[in-house]
Amino acid sequence: SSFFRAPIRHGISRDMRYDLFSKIIKLPVNFFTQAYKGDVLSRITSDIIEIANGIKLAFNLMIRDAVNIIIPLVTLFTISSKLTLISLAAIPVYLIVFNGISIIVQHQTFQAQTMMGKNLSLFEGAMGGLRIIKSFTAEPKFIHSFKKQNDETASKYIFRNRIADLSYPLSEIFMTLVAVVLLFLGG
């Protein structure tokens, strides 16, 4: 099935790159005085990769979960409609909690991408002005500045990944609690 999905996934990525390039070319000049070039490049590449991965995951889940949801639901309603309705009532709570986690991860990702853009801009600026930096013997200052920015970026990504990585164990704990409640109510 991946064989047939590849053109869709990569076609969407191709179209997004084209649309982004067209949009960037049409932006006013003052946009580029306010935005770091590295920040724009970082967001474009990171966002397109994330969206492509999300599309792949969505296709996989859509096919797999359709079967994994319909058959058990029919079976559960035949066994006990009361317990099935109780378990379905837990879904909104689950969605609210994990939507909150998702929003936090998105916010942290945005901040990390902004910081990565600053890294790229610092790197690009240093590469472009290397002769001037060396002539004023300002290498230690630029190295310190980049190291500080780079460490902050790494810390932001670590924090973001830790929050994202906690979502699976929290999901397991929540599902276990739902199972305990159903066992208690079902006898």
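Residues Ile163 and Gln108 approach most closely at CD1-CG, 4.4 Å, considering heavy atoms. Scanning all heavy atoms of the two residues, the minimum distance from Met115 to Thr153 falls at CB-OG1, 3.4 Å. Closest approach of Leu182 to Leu83, counting heavy atoms only: CD2-O, 3.6 Å.
Atom CD1 of Ile51 and atom CE of Met16 lie 3.0 Å apart (nearest 0.5 Å). For the atom pair CD of Gln113 and CG of Asn119, the computed distance is 12.5 Å after rounding to the nearest 0.5 Å. Atom CG of Leu76 sits about 6.0 Å away from atom OG of Ser87, to the nearest 0.5 Å. To the nearest 0.5 angstrom, Ile101 atom CD1 is 9.0 Å from Ser171 atom OG. Interatomic distance, Glu152 CD to Met116 CE, rounded to the nearest 0.5 Å: 12.5 Å. Note that the OG1 atom of Thr84 and the CD1 atom of Ile79 stand 7.5 Å from one another [nearest 0.5 Å].
Here the side chain of Thr78 pairs a donor or acceptor atom with the backbone of Val74 at under 3.5 angstrom. Side-chain atoms of Thr114 come within 3.5 Å of backbone atoms of Phe110 as a donor-acceptor pair (strictly under, hydrogens ignored). Under a 3.5 Å cut-off, the side chain of Ser81 and the backbone N or O of Phe77 do not form any donor-acceptor pair. Of the possible donor and acceptor atoms, one in the side chain of Thr75 sits under 3.5 Å from a partner among the backbone N and O of Ile71.
In this structure, the ring of Phe98 has its center less than 6.0 angstrom from the ring center of Tyr94.
Crowding of Leu57 atom CG: a count of heavy atoms from other residues, nucleotides or ligands under 6.0 Å exceeding 12. At most 12 heavy atoms of other shown residues, nucleotides or ligands fall within 6.0 angstrom of atom CZ in Phe123.
Under a hydrophobic clustering in which Ile, Leu, Val, Met, Phe, Trp and Tyr are joined whenever their side-chain heavy atoms come within less than 4.5 Å, directly or via other members, Leu120 and Ile49 fall into different clusters. With hydrophobic clusters built from ILVMFWY side chains whose heavy atoms lie under 4.5 angstrom apart, Val93 shares a cluster with Ile104. Linking Ile, Leu, Val, Met, Phe, Trp and Tyr whenever their side-chain heavy atoms come within less than 4.5 Å leaves Phe159 and Ile103 in two separate clusters. In the hydrophobic clustering of this structure, Ile69 groups with Val178; members are Ile, Leu, Val, Met, Phe, Trp, Tyr whose side-chain heavy atoms approach within less than 4.5 Å, directly or through other members. Under the 4.5 Å side-chain heavy-atom criterion for grouping Ile, Leu, Val, Met, Phe, Trp and Tyr, Tyr168 is not connected to Val105 through any hydrophobic cluster.
Applying the salt bridge (Lys or Arg N to Asp or Glu O under 4.0 Å) rule to Glu124 yields the partners Lys37; only residues at least two apart in sequence or on another chain are considered.
The other residues sharing a hydrophobic cluster with Phe136 are Ile132, where clustering joins ILVMFWY side chains under 4.5 Å apart.
The shortest distance between side-chain heavy atoms of Leu122 and Phe142 does not fall below 4.5 Å. Under the 4.5 Å side-chain criterion, counting only non-hydrogen atoms from C-beta, Val181 is not in contact with Leu177. A 4.5 Å side-chain heavy-atom check between Leu88 and Leu73 finds at least one atom pair inside the cut-off. Within the 4.5 Å cutoff, side-chain heavy atoms of Arg162 are placed close to those of Ile158.
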Item to complete: Please test Asp151 against Lys147 for salt bridge (Lys or Arg N to Asp or Glu O under 4.0 Å), starting from the C-alpha separation and ending with a verdict.
Response: CA-CA 6 Å; Asp151 290 345; Lys147 182 181 181 334; 2.8 Å; yes
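If you check the side chains of Lys156 and Gln111, you find a donor sitting under 3.5 Å from an acceptor.
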